[in-house]
Amino acid sequence: MKRFLAVLALTSALQAEPPAAFWAALHQVETSGRVGAIVGDNGRSLGPLQISRAYFADSRVGGAYEQVVDLPFAIKVASAYMKRYEPEAWRAGAVEVLARLHNAGPNWRRKLSATDVYAANVRRQMGAAK
């Protein structure tokens with residue numbers, strides 16, 4: 001029984017996710033909380049979380065790119081992408097790292113100063129959501 005509980009605890013830890021406030025903040029920063037087929041980045045991004053085709057492909061989530069207009073699907077895509085590229089940050093709930101990844105992609109560490117304002121905006125929105 002102890003072994004089962006240890007495995008269950010480990011499984012739960014591996015499947016942790018950022019708090020709802022993170023997703024609300026990301027949504028607010030990306031599209032001011034709007035939903036639907038919002039086109040951004042000069043036509044390169046779509047939906048409430050402004051997901052690009054490359055981001056969608058990198059997430060390895062099945063379905064059609066156009067489904068990112070649905071907020072729950074967009075969160076599913078972003079979650080898969082974040083778990084793929086920053087699994088430790090995902091498990092730790094390091095929302096700043098995840099925000100920077102969402103904003104600048106897997107090489108975000110090379111673009112730290114370029115993601116400072118974005119990360120600050122997400123942090124500010126998370127504070128506002130409390």
Side-chain angles (χ1 to χ4, degrees):
M1 184 66 161
K2 283 184 184 180
R3 187 175 191 173
F4 172 76
L5 291 175
V7 170
L8 183 61
L10 179 60
T11 302
S12 296
L14 292 176
Q15 295 183 13
E17 60 184 54
F22 171 72
W23 297 113
L26 208 62
H27 184 199
Q28 190 64 34
V29 169
E30 287 293 348
T31 59
S32 300
R34 293 179 296 149
V35 293
I38 305 152
V39 177
D41 299 320
N42 294 314
R44 292 186 308 268
S45 298
L46 180 64
L49 297 184
Q50 292 295 282
I51 294 174
S52 70
R53 285 186 185 276
Y55 187 119
F56 173 73
D58 279 354
S59 77
R60 299 178 177 169
V61 170
Y65 170 65
E66 291 72 21
Q67 290 176 273
V68 301
V69 302
D70 179 57
L71 182 58
F73 187 80
I75 290 172
K76 179 180 178 178
V77 168
S79 296
Y81 183 87
M82 291 172 184
K83 284 188 246 185
R84 178 176 181 203
Y85 286 107
E86 289 289 348
E88 290 178 22
W90 180 269
R91 285 190 295 271
V95 294
E96 184 167 329
V97 169
L98 299 175
R100 289 174 188 266
L101 169 66
H102 181 76
N103 181 242
N107 295 317
W108 66 268
R109 285 177 177 82
R110 294 184 196 155
K111 306 169 189 174
L112 270 179
S113 61
T115 61
D116 284 345
V117 171
Y118 186 86
N121 286 339
V122 171
R123 276 194 313 271
R124 185 171 31 264
Q125 286 299 322
M126 285 186 72
K130 290 181 180 178

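Residue indices begin at 1 and follow the sequence shown.
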**Q** Grouping I, L, V, M, F, W and Y whenever their side-chain heavy atoms are under 4.5 Å apart, do V39 and V77 come out in a common cluster?
**A**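 Yes, because V39 and V77 connect within a single hydrophobic cluster, where side-chain heavy atoms sit under 4.5 Å apart.
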**Q** Hey, is the main chain of A64 close enough, under 3.5 Å, to the side chain of Q67 for a donor-acceptor pair?
**A**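 Confirmed, Q67 side chain pairs with A64 backbone.
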**Q** Using the rule that Ile, Leu, Val, Met, Phe, Trp and Tyr join whenever any side-chain heavy atoms are under 4.5 Å apart, tell me whether L98 and V117 fall into a single cluster.
**A**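 L98 and V117: separate clusters.
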**Q** Transitively linked via ILVMFWY side-chain contacts under 4.5 Å: L71 with V68?
**A**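 Yes, one cluster joins them.
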**Q** What residues, two or more places apart in sequence or in another chain, satisfy ring-ring contact (aromatic ring centres under 6.0 Å, His included) together with F22?
**A**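 Once residues adjacent in sequence are excluded, F22 has no partner under the ring-ring contact (aromatic ring centres under 6.0 Å, His included) criterion.
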**Q** Within the distance-only criterion (no hydrogens, no angle test), does the side chain of R60 pair as donor or acceptor with the backbone N or O of A80 below 3.5 angstrom?
**A**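 No: the side chain of R60 does not pair with the backbone of A80.
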**Q** Membership question, hydrophobic clusters at under 4.5 Å side-chain separation (ILVMFWY): are V69 and F56 in the same one?
**A**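 Per the 4.5 Å side-chain linkage, F56 and V69 are co-clustered.
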**Q** Would you compute the distance between atom CZ of F73 and atom CD of E66 and round it to the nearest 0.5 angstrom?
**A**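 Taking CZ in F73 and CD in E66, the distance rounds to 10.0 Å.
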**Q** In Å, rounded to the nearest 0.5 Å, how long is the span from CD of E88 to NZ of K83?
**A**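 These two atoms lie 15.5 Å from each other.
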**Q** Return the CZ to CD distance between R44 and Q50, rounded to the nearest 0.5 Å.
**A**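 Between R44 CZ and Q50 CD, I get 10.5 Å after rounding to 0.5 Å.
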**Q** Can you tell me which residue pairs pass the side-chain hydrogen bond (donor to acceptor under 3.5 Å, both in side chains) test with a partner in residues 22-36, sequence neighbours excluded?
**A**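 Pairs touching residues 22-36 that pass the test: E30-H102, E30-Y118.
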**Q** Going hydrophobic residue to hydrophobic residue with side-chain gaps under 4.5 angstrom, can you get from I38 over to L49?
**A**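 In one cluster with I38: L49, no.
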**Q** Measuring from W108:CH2 to L101:CG, what's the distance to the nearest 0.5 Å?
**A**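 Reported value, rounded in 0.5 Å steps: 8.0 Å.
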**Q** Can you tell me how far OH of Y81 sits from CD1 of I51, rounded to the nearest 0.5 angstrom?
**A**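 The CD1 atom of I51 sits 10.0 Å away from the OH atom of Y81.
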**Q** Suppose we screen for side chain to side chain donor-acceptor pair (under 3.5 Å). Which residues come up paired with E96, at least two apart in sequence or across chains?
**A**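 Expected list: R100, R123.
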**Q** Does the side chain of P19 reach to within under 4.5 Å of the side chain of M126, using non-hydrogen atoms?
**A**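 Yes, at least one pair of side-chain atoms sits under 4.5 Å.
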**Q** Evaluate the salt bridge (Lys or Arg N to Asp or Glu O under 4.0 Å) criterion for residues E17 and R91: first the C-alpha distance (whole Å), next the side-chain angles of each, then the deciding distance (0.1 Å), finally the verdict.
**A** CA-CA 7 Å; E17 60 184 54; R91 285 190 295 271; over 6 Å; no
**Q** Compare all side-chain heavy atoms of D41 with those of S52 and state whether any distance is below 4.5 angstrom.
**A**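 Side chain of D41 against side chain of S52, heavy atoms only: no contact under 4.5 Å found.
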